[in-house]
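Let me begin by presenting the structure, written as structure tokens, before commenting on it.
Side-chain atoms are counted along with the backbone in the values below, which use heavy atoms only and exclude waters and symmetry mates. Naming: A, B, ... by sequence-line order, numbering from 1 per chain. If you're wondering where the values come from, they're calculated on a predicted model, not measured in any experiment.
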Amino acid sequence: MNLTLTPHDTFAVVHVGEPRLDASIAIQFKDEFRTLTAQCGDVIVDLGAVEFIDSSGLGALVAVFKALGQGRAMALANLQPSVDKVMTLTRMNTVFGIYPSLDAALSAADPTAAE
Amino acid sequence: MITEQDVTDPTDGFELPPAIACQFQSGFFAVRKALIEAGAKMASADVDPDLAETAQIVLAEVLNNVAEHAYGNAEGGPVALSIWPTVQGLWCETRDEGVGMPNGQLPDGALPEIDVDDPMTLPEGGFGWAMVRQATDQLSYRRLGSENRLRFLIPAQ
């Protein structure tokens with residue numbers, strides 16, 4: 001599982017380095033994401049490398065969001081067209097903050113520190 | 001290529017060899033591999049990229065459902081995928097020899113309830129058939145002997 005966390009002051013960015021977030025890796029993704037984000041604040045998920053997501057991958061994103069607990073936010077950044085289509089079809093675009101780029105998400109999270 | 005006339009009766013036309021065919025065995029990794037193969041074949045057949053993208057989203061749900069429910073997560077069950085690009089869009093058919101749909105019926109595919117004000121109640125599943133129902137037309141399911149056969153059209157925009 002290719003997941004890396006970049007800590008910032010009050011939040012962290014999780015880069016998902018998997019080309020397909022699907023049923024074959026959904027459980028492993030949930031486990032590793034939860035471990036990785038156990039100690040950080042709000043989370044921005046950089047999905048730029050993810051070309052494809054299925055309903056299991058989407059369910060995994062919802063699960064890790066819920067695992068953050070009340071009071072910690074999660075936003076998605078850098079969605080490829082197919083991933084964006086799944087968010088729209090399932091209306092999960094109304095649940096997650098979605099940013100067109102990582103820079104846009106960083107600016108929203110911390111306007112003073114964005115690159 | 002099937003013409004519009006050929007598919008007026010949806011059981012016709014499917015006798016023509018599909019332009020795109022994949023055969024594989026059940027299992028989530030095998031489904032992943034088959035979807036990548038089908039994606040490459042659709043690109044080679046000059047299928048509209050947006051249509052091919054939607055087809056992959058729908059086929060992922062249908063084929064993972066076969067792996068999980070028809071074959072109960074057992075690996076090695078035969079699965080066949082066929083795609084006929086037509087002027088109407090992409091006609092797709094999947095066949096497997098797993099157990100049939102409960103009561104011979106497809107799930108209705110209502111989107112799960114979403115309450116954005118209460119994130120802890122957000123659904124973690126139930127999206128699959130909702131996406132299939134939204135993105136397809138003329139979805140039909142038949143149990144023929146020991147075979148499940150699902151057919152649908154991904155309509156051209």
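- One hydrophobic cluster, built from ILVMFWY side chains closer than 4.5 Å, cannot hold both B/Phe24 and B/Phe29; they sit in different ones.
- Interface remark: B/Leu122 contributes backbone and side-chain atoms alike to the contact with chain A (heavy atom separation under 4.5 Å).
- B/Leu63 and B/Val99 fall into different hydrophobic clusters, defined by Ile, Leu, Val, Met, Phe, Trp and Tyr side-chain heavy atoms under 4.5 Å apart, directly or through other members.
- The hydrophobic clustering, which links ILVMFWY residues whose side-chain heavy atoms are closer than 4.5 Å, places A/Val83 and A/Val43 together.
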Only pairs under 3.5 Å, no angle test: what donor-acceptor pairs are there between chain A and chain B?
unit_1	atom_1	unit_2	atom_2	d
A/Arg20	O	B/Arg32	NH2	3.0
A/Arg20	NH1	B/Gln56	OE1	3.2
A/Arg20	NH2	B/Gln56	OE1	2.7
A/Asp22	OD1	B/Arg32	NH2	3.2
A/Asp22	OD2	B/Arg32	NE	2.8
A/Ser24	OG	B/Arg32	NE	3.3
A/Asp54	OD2	B/Asn64	ND2	3.1
A/Ser55	N	B/Glu61	OE2	2.8
A/Ser55	OG	B/Glu61	OE1	2.5
A/Ser55	OG	B/Glu61	OE2	3.4
A/Lys66	NZ	B/Leu122	O	2.6
A/Lys66	NZ	B/Glu124	OE2	3.0
A/Lys85	NZ	B/Asp50	O	3.0
A/Lys85	NZ	B/Asp50	OD1	2.8
A/Lys85	NZ	B/Glu53	OE2	3.3
A/Lys85	NZ	B/Thr54	OG1	2.8
A/Leu89	O	B/Gln134	NE2	2.7

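- For A/Ile27, the CD1 atom counts as loosely surrounded, since its 6.0 Å shell holds 12 or fewer non-hydrogen atoms of other residues, nucleotides or ligands.
- Of the atoms belonging to B/Ile114, it is side-chain heavy atoms, and not backbone ones, that fall under 4.5 Å from chain A.
- The most heavy-atom pairs under 4.5 Å with chain A, out of B/Ile36, B/Leu111, B/Leu35, come from B/Leu111.
- Under a hydrophobic clustering in which Ile, Leu, Val, Met, Phe, Trp and Tyr are joined whenever their side-chain heavy atoms come within less than 4.5 Å, directly or via other members, A/Tyr99 and A/Ile53 fall into different clusters.
- In this structure, A/Leu5 is a member of the same hydrophobic cluster as A/Leu21, with clusters built from ILVMFWY side-chain heavy atoms closer than 4.5 Å.
- If you measure heavy-atom distances from B/Pro123 to chain A, the contacts under 4.5 Å come from the backbone alone.
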